[in-house]
Protein chains: 2
Amino acid sequence: MTSEVLARALNTNPVVVRRLMGGLREHGYVHSEKGHGGGWTLSCQLDQVTLRDIYEALDAPRLFAIGNRSEETECLVEEAVNHAMSSVLTDVKAQFLARFGQITLAALHADFHQKLAERFSGGLT
Amino acid sequence: MTSEVLARALNTNPVVVRRLMGGLREHGYVHSEKGHGGGWTLSCQLDQVTLRDIYEALDAPRLFAIGNRSEETECLVEEAVNHAMSSVLTDVKAQFLARFGQITLAALHADFHQKLAERFSGGLT
DNA sequence: CACTCTAGCAACACATGAAGTTACATGAGA
DNA sequence: TCTCATGTAACTTCATGTGTTGCTAGAGTG
């Protein structure tokens, strides 16, 4: 499948697709080939890869929209608040990763197929 | 304390301070007075207010930097991914709120005083 | 009553980072 | 050698949060 085709399916741009897929390729989840007949192919077992793996392959983008204004500060009030916030955010992020680590691509695949079946058996609007 | 003074302490602008404090005032955590001698005064018990209360008084700003591209979609793959993501994010947010709900301003206050004491007893760089 | 000091608020400007776009190089068939 | 694909850098656009300006209104002071 080419970046071009994927981009259309994702309502985005081929270059954006390549940027994202680049991370997945480095981790061996997909393979790419240049030239005529080239494109992207899956190169992993869906039940061996989790959302957490994907998240990390994508360079673990910032998870929270909130956070400390600055790590180093002279202000003791800010320091106290930072400490409390960091502690919570660290723990919560760990839980997030743990949960993502339990969701395999195979599970998403199965969910997709179930939704597909429902759509063809009258479960439609 | 005036917005002007607070702004200097926070390295920001008086108007930004008023915007933030406005949310706290609506919930009765602080009180403001106009005119000569006016400004902000605390109007709550520090041990009765948690970081969660503050977070919500501030209109519960977006917590996560990631999320679904769109809530409604025709794409069954996107739907499956959204479902998995939302489920995790909802749970994780709940945990975040629970943790913040356990941190009172009084606790931060105490932490601040301890750091202050340390600074005056040789625990300094 | 005029003056000063304060919050309240709307409107605008700026900064940051993510997403999208363009342009060109490289490699692989046909 | 021509076309089709990825790889990548540089640039543009867009969204969002933050900062700024200008003005209104209320409250004390002389």
For DNA chain C, what residues of residues 56-73 of chain B have any heavy atom nearer than 4.0 Å?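 Nucleic-acid contacts, sorted: B/Arg69.
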
Residues in contact with DNA chain C, drawn from residues 27-46 of chain A - heavy-atom cutoff 4.0 Å: A/Lys34, A/Gly35, A/His36

Contacts of type salt bridge (charged side-chain N to carboxylate O under 4.0 Å, His left out), residue A/Arg8, not counting sequence neighbours: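 Here the qualifying residues are A/Glu4.
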
By salt bridge (charged side-chain N to carboxylate O under 4.0 Å, His left out), which residues pair with A/Arg19, not counting sequence neighbours? none

Tell me, which pairs form a side chain to side chain donor-acceptor pair (under 3.5 Å) where one or both residues lie in residues 42-51 of chain A, sequence neighbours left out? A/Thr50-A/Asp53

Which pairs pass side chain to side chain donor-acceptor pair (under 3.5 Å) with one or both residues in residues 102-113 of chain B, sequence neighbours excluded?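 Non-adjacent pairs meeting side chain to side chain donor-acceptor pair (under 3.5 Å): B/His109-B/His113.
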
For B/Phe112, check ring pair (Phe, Tyr, Trp, His ring centres under 6.0 Å) against everything at least two apart and list the hits.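 Ring pair (Phe, Tyr, Trp, His ring centres under 6.0 Å) check on B/Phe112 returns nothing, list empty.
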
Check the side chains of B/Ser86 and B/Glu71 for a donor-acceptor pair under 3.5 angstrom, ignoring hydrogens and angles.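 The answer is no; no qualifying pair exists.
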
[X] and [Y]: which non-hydrogen atoms are nearest, and at how many Å?
| X | Y | result |
| --- | --- | --- |
| B/Leu51 | A/Ala84 | CD1-CB, 4.5 Å |
| A/Val17 | A/Thr12 | CG2-CG2, 4.1 Å |
| B/Ile54 | B/Val49 | CD1-CG1, 3.9 Å |

Involving DNA chain C, stems made of at least three consecutive Watson-Crick or G-U pairs, both distances under 3.5 Å: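 DNA chain C forms these stems: C:1-30 with D:1-30.
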
Where do B/Arg69 and B/Glu78 land on the salt bridge (Lys or Arg N to Asp or Glu O under 4.0 Å) test, with the steps shown first? CA-CA 9 Å; B/Arg69 278 175 77 102; B/Glu78 185 175 1; 5.6 Å; no

Dump every N/O contact between nucleotides 13-16 of chain C and the protein below 3.5 Å, one line per pair.
none

Which residues satisfy the side-chain contact (heavy atoms from CB on, under 4.5 Å) test with B/Glu33, sequence neighbours excluded? B/His31

Sequence-distant partners of B/Lys93, side-chain contact (heavy atoms from CB on, under 4.5 Å), two or more places apart: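 Once residues adjacent in sequence are excluded, the partners of B/Lys93 under the side-chain contact (heavy atoms from CB on, under 4.5 Å) criterion are B/Tyr55, B/Leu63, B/Phe64, B/Leu97.
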
B/Val15-B/Leu10 co-clustered via ILVMFWY side chain contacts under 4.5 Å: no

With a 4.5 Å cut-off on side-chain heavy atoms, are A/Thr73 and A/Asn68 touching?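 No, side chains not in contact.
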
Atom NE2 of A/His27: over 12 foreign heavy atoms under 6.0 Å: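 Above 12, so yes.
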
Within residues 10-23 of chain A, the residues having a heavy atom closer than 4.0 Å to DNA chain D are A/Val15, A/Arg18, A/Arg19

B/Thr2 side chain N/O closer than 4.0 Å to the phosphate oxygens (OP1, OP2) of C/dT6?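 No.
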
Just the rounded figure in Å: distance from C1' of D/dT20 to CD of B/Glu4. 13 Å

